[in-house]
Amino acid sequence: MSDFYDFEAVEAKWRNKWADENTHKVVRDESRPKFYLLEMFPYPSGKLHVGHLRNYTIGDALARFKTMNGFNTLHPIGWDAFGLPAENAAINNKSHPHKWTMDNIAEMRRQFKIMGISYDWDREVATCHPGYYKWTQWIFARMFDEGLAYRKKSFVNWCESCHTVLANEQVIDGACWRCDTKVYQQERDGWFLAITRYAERLLDALDELKDGWPERVLVMQKNWIGRSVGAEVDFPVEGGGTIRVFTTRPDTLYGATFICLAPEHPMSLALAKGTELEGEVETFVRETIGEDRIARTAEGAEKKGAFTGRYARNPMNGELVPIWIANFVLIEYGHGAIMSVPAHDQRDFDFAIKYDLLVRIVIRNGDQEDSSQIAAEAMQSAYEGDGAMVNSGPFTGLHNRNEGIEKVIAHLERNKIGEKSVNYRIRDWGISRQRYWGAPIPVVHCAKCGPVRVPDKDLPVILPLDVEFPESGKSPIAELESFINAKCPKCGGPGKRETDTMDTFMCSSWYFARYASPRLDTAMVDKKDADYFLPVDQYVGGIEHAILHLLYARFFTRFLHDIGVVPSPEPFRRLLTQGMVVKDGAKMSKSKGNVVPLDEMAVKYGADATRLFILFAAPPERDLEWNDAGIEGASRFVNRVHRMVTSNIDYMKKGGGAPSGLEGLSKEVADLRRVTHKTIARVSGDFARFQFNTSIAAVMEMVNAMTSFEAKEAQFAPEVFREAVEALITLLSPITPHLSNELWEAMGGKGSMRTKAWPKADADCMKEDEILIIVQVNGKLRGRVTVSPSASKEEIESAAMNDEKVKPHLEGKQVKKVIVAPGKLINFVV
RNA sequence: GCGAAAGUGGCGGAACUGGCAGACGCGCUGGACUUAGGAUCCAGUGGGUAACCGUGGGGGUUCGAGUCCCCCCUUUCGCACCA
């Protein structure tokens, strides 16, 4: 067939043209408003499949839409190019991570171009490039100077399979986020970033993101940061020393009948030393620390403890309370020690029952009658609710929540036995990775000066590429003399370079800022570029980064804002989290073996049809079920549009300019014009709300209307038909850019679709000369009548009553009430 | 256990502030054009012979409920001894 749409040739033509003319290049232009649209950059793992593509298709449609609406749209792409898969793949294939990564980037870049994504390729960055990681190191150096980057020995999460340490955020259900191997605890030296110092601000600022971020991401971050308000209290130990605890319930202090230490607590062993319990305690501590800590501290795990034989004094009532060691107490939260209030905390209650410890009620349970009389022995479970304080010395009688907490804290502070305090669940971010393919941590260890950071002028510390992978599985640079040996930057003496590399999440915590000045060698980002382009106006990515990447990026941005590098304390004004692409009931992924390769789709149906289907099949936030038959429909639609437009090219040239309004048009022509402008209005609204699926449905309806018009009336109104065609391909162009540009050119249109103004709906062209009124009797649909838009209530009523379908339902009945929803509906109540 | 989101035809999904449930697409049925059709076009397509019944189930508010309120069920996701 001669009007067959040769998408292969057409898409190649435009792809080449855009590449040759560098069409999507963006430059700073203060005279125009900017819009920064960004999709989360990919890890270059090989080939793209349609599961990956969703993110970029959504982003591209939005970017093109914004550009057509007059914005100077920054839409860049780059590569999260450091990381373990490259290293593992390289080891398995006797290749090099650098080569593996670069090959993958080349392949994925080609695929992005095939799909017609409108990136400014001049701004491409790769985190493994020295010109990029120089600035990752530079940020580390700034944090080092501020004391935010520090070294400590601690228990860390170790993944045996990845052969490296993981941050808490990277441990999902006790397993490695990347390879799902069970993580265990190991004591190690490593570098940490003090994200906890930003905890409060990161938490508070979530409020400002309410309008632009999905609620659930905000909730997840809030829970992760985990702010608890309470008090620190000192319990003096009989025989010397004090134990400090954190509690959110200072109102229950009088009920604290024992104390529990984490096994790792420095006093755990010391307390029992020299007593007859020493052996027992030591065994318990050793065994507990040796257990899997994730399992041991999981809810539902059996509570176990050992008595130290020693006592502390409750600072409120002077009572002696036994000191225990308990397996469920976390060393890294608060002070690694808790005061136990069995009557009002279920965990403490369970523990007290098991070891027969004293339970004392200090909060009255208002739900129970006269609960002060209930003996503690009769309790079935702890009462964790609020109520009046009892058995609490001078505080007895106060309501715990309304007054008690505050007054007890005041008492603690007055007597210097404690103070108000806020604790966070979030821990400092461990960034040392014992692997090769990452940005070197720019530090030299000197015997005299300790760890010294590399001066800015010596950055970047280059990751050597000429390396061998040792059999041991260790990092090649861990034993590479030429890399390790370095002079101490401070004293000039012999030093050893840090051989751990940075967590790749550091590289991705600031890349969005680098796009503003991607090639600048004298600064992380140019001030003017940053002020103009930043922050990101719309970020698009997967929900799986709700905590990891999005929290780290917020932390980095806040820090960079503090030191005056970026203009905004928050990186992403608005966030769209797109759903997964699912096939055969599982997320599309290489490991599940259910991927639909992108190249296959591009060859069989073309980029436009693939893009169209991805956007049409589901709203962006929901999961998308891949369906091979569905893309056939998209392809059919693309062909249909092409055929309809190209077969009417000569005819459309006949008309003059479009008339104004609907005056003097035949009913059919006026109807077409109404459809055109209503569709413009619908699609504009839907795009603004990211409802691509319904915008496409609206456009399809318009095409249906145009097809029946074409069959009947087209001969008489070339200008109105042409207007419809122009609107059609313009509205479609963010979704099917190749097709739209091709048709625009074919019909003699001037300039590129990319910069063509988004059409405006004209109210004069949407005016109805009759409106449909739904007629109900007792709320049930009984008929439809059409009336003039100016019809009065009475006119509508009589038209409705006289409708043949309605009449039988009113016959012999008395109308009690008539409800009229203007322009829509009339309901008779009988 | 806590928190959030979601449950609508054979399927993906529409229905913005309560007002024609099922737009649009897929699939299916019939027809046209054809040597042929897995191309294209036309018609039909929630269930029921009908009155009617239908948005996970049960109550409620309302002239009117997929939409609002209460209770319950299912699924998905997140959190889960953080004192």
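Because only heavy atoms are used, hydrogens play no part in the values below, and waters and symmetry mates are left out as well, while side chains stay in. So that the names make sense, note that chain A is the first sequence line, chain B the second, and so on, each numbered from 1.
- Ranking B/C81, B/G13, B/C82 by closeness to the A/L330 side chain, first place goes to B/C82.
- The same atom, P, is picked in B/U67 and in B/G57; the two are 11 Å apart, to the nearest Å.
- Proximity of A/N627 to the phosphate of B/C11: no side-chain N or O atom is located under 4.0 Å from OP1 or OP2.
- Taking side-chain N and O atoms only, A/R425 has a distance below 4.0 Å to OP1 or OP2 of B/A80.
- Rounded to a whole Å, the CG atom of A/N168 is 12 Å from the C1' atom of B/C82.
- Among residues two or more places apart in sequence or in another chain, the side chain to side chain contact (heavy atoms under 4.5 Å, CB included) test is passed with A/V229 by A/R227, A/K420, A/V422.
- Under 4.0 angstrom from either OP1 or OP2 of B/A14 there lies no side-chain N or O belonging to A/R682.
- Side-chain N/O atoms of A/Q221 and A/R554 include a donor and acceptor closer than 3.5 Å.
- When only modelled atom types and interatomic distance are considered, A/R347 and A/S340 share no side-chain donor-acceptor pair under 3.5 Å.
- When the side-chain nitrogen and oxygen atoms of A/R689 are compared with OP1 and OP2 of B/A14, none of them lie within a distance under 4.0 Å.
- As rounded to whole Å, 15 Å separates atom C1' of B/C82 from atom CG of A/N327.
- Contact check, A/K824 against B/G19: no side-chain N or O comes under 4.0 Å of OP1 or OP2.
- The listed nucleotides are B/G19, B/C41, B/A83; the one nearest the side chain of A/R643 is B/C41.
- Nearest-nucleotide positions on RNA chain B for A/R782 and A/A634 put A/A634 closer to the 5' end.
- Nearest nucleotide to the side chain of A/L825, out of B/A83, B/G19, B/C26: B/G19.
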inquiry  = Only Watson-Crick and G-U wobble pairs with both distances less than 3.5 Å should count. Give RNA chain B in dot-bracket notation, marking inter-strand partners with |.
reply    = (((((((..(((......[....)))((((((.......))))))((....))..(((((..]....))))))))))))....

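- Using a 4.0 Å cut-off between charged nitrogen and carboxylate oxygen, A/R244 and A/E419 count as a salt-bridge pair.
- Comparing B/C28 with B/A39, their P atoms are spaced 10 Å from each other, to the whole Å.
- The cationic group of A/K303 does not satisfy the cation-pi geometry with A/F351, failing either the under 6.0 Å distance to the six-membered ring centre or the 45° limit from the ring axis.
- Ring centroids of A/Y355 and A/F258 are separated by 6.0 Å or more, keeping the two rings apart.
- Annotation: B/U17 and B/G30 have their C1' atoms spaced 43 Å apart (nearest Å).
- Residues A/F687 and A/F692 place their aromatic rings such that the two centres sit under 6.0 Å apart.
- At whole-Å resolution of the value, CG in A/L624 and P in B/G25 are 18 Å apart.
- Atom CG in A/N223 sits roughly 13 Å away from atom C1' in B/C77 (whole-Å rounding).
- Phosphate contact (OP1/OP2 of B/C79, side-chain N/O of A/R216, threshold under 4.0 Å): absent.
- Comparing B/C20, B/C52, B/C63 by their nearest atom to the side chain of A/N827 picks out B/C63.
- A syn base is found at B/G9: its glycosidic angle is within 90° of 0.
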request  = Go through A/T610 and A/L53 one step at a time and tell me if the side-chain contact (heavy atoms from CB on, under 4.5 Å) criterion holds.
outcome  = CA-CA 9 Å; A/T610 308; A/L53 189 67; 4.1 Å; yes

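- Residue-level contact check: A/F246 touches the backbone only, with heavy atoms under 4.0 Å from sugar-phosphate atoms and none from bases.
- Atom name C1', nucleotides B/C72 and B/A14: the rounded distance is 28 Å, in whole Å.
- A/D350 comes within contact range of no nucleotide atom at all, as no heavy-atom separation falls under 4.0 Å.
- For the C1' atom pair drawn from B/A50 and B/A6, the interatomic distance equals 37 Å after rounding to whole Å.
- Contact of A/R347 with B/A83 (side chain to base): a donor-acceptor pair of N or O atoms is detected under 3.5 Å.
- Between A/L206 atom CG and B/G3 atom P the separation is 20 Å, expressed in whole Å.
- Residue-level contact check: A/V329 touches the bases, meaning some heavy atom is under 4.0 Å from a base atom.
- In this structure, of B/G78, B/C20, B/A83, it is B/A83 that holds the atom nearest to the side chain of A/T247.
- Minimum atom distance to the side chain of A/R640 is reached by B/G25, of the listed B/C52, B/G12, B/G25.
- The gap from the C1' atom of B/C16 to that of B/C11 amounts to 26 Å, rounded to the nearest Å.
- The base of B/G19 sits with one of its N or O atoms less than 3.5 Å from a complementary donor or acceptor on the side chain of A/Q776.
- Here the side chain of A/L772 is nearest to one of B/C20, B/A83, B/G13, namely B/C20.
- Nearest nucleotide to the A/M700 side chain, out of B/C81, B/G64, B/G25: B/G25.
- A/G633 comes within 4.0 angstrom of the backbone, heavy atoms only, and of no base.
- Distance noted for atom P between B/A15 and B/C68: 14 Å (whole Å).
- Comparing the P positions of B/U45 and B/A51 gives an interatomic distance of 16 Å, to the nearest angstrom.
- A salt bridge does not link A/E215 with A/K210: none of the charged nitrogens is closer than 4.0 Å to a carboxylate oxygen.
- In terms of position along RNA chain B, the nucleotide closest to A/E632 lies nearer the 5' end than the nucleotide closest to the other residue of the pair A/E632 and A/I819.
- Checked for salt-bridge contact, A/E768 and A/K678 meet the test: a charged N lies under 4.0 Å from a carboxylate O.
- Rounded to whole Å, atom P of B/C81 lies 17 Å from atom CZ of A/F351.
- Considering only side-chain N and O atoms, A/N704 lies under 4.0 angstrom from the phosphate OP1 or OP2 of B/G25.
- Atom-to-atom, NE2 of A/H809 to C1' of B/A51 comes out at 10 Å; the value is rounded to the nearest Å.
- The heavy-atom pair separating A/F246 from A/G334 by the smallest distance is CB-CA, 4.3 Å.
- Between the NZ atom of A/K780 and the C1' atom of B/C20 there is a distance of 15 Å, rounded to whole Å.
- Dashed line: the shortest gap from a side-chain N or O of A/R636 to OP1 or OP2 of B/C26 is under 4.0 Å.
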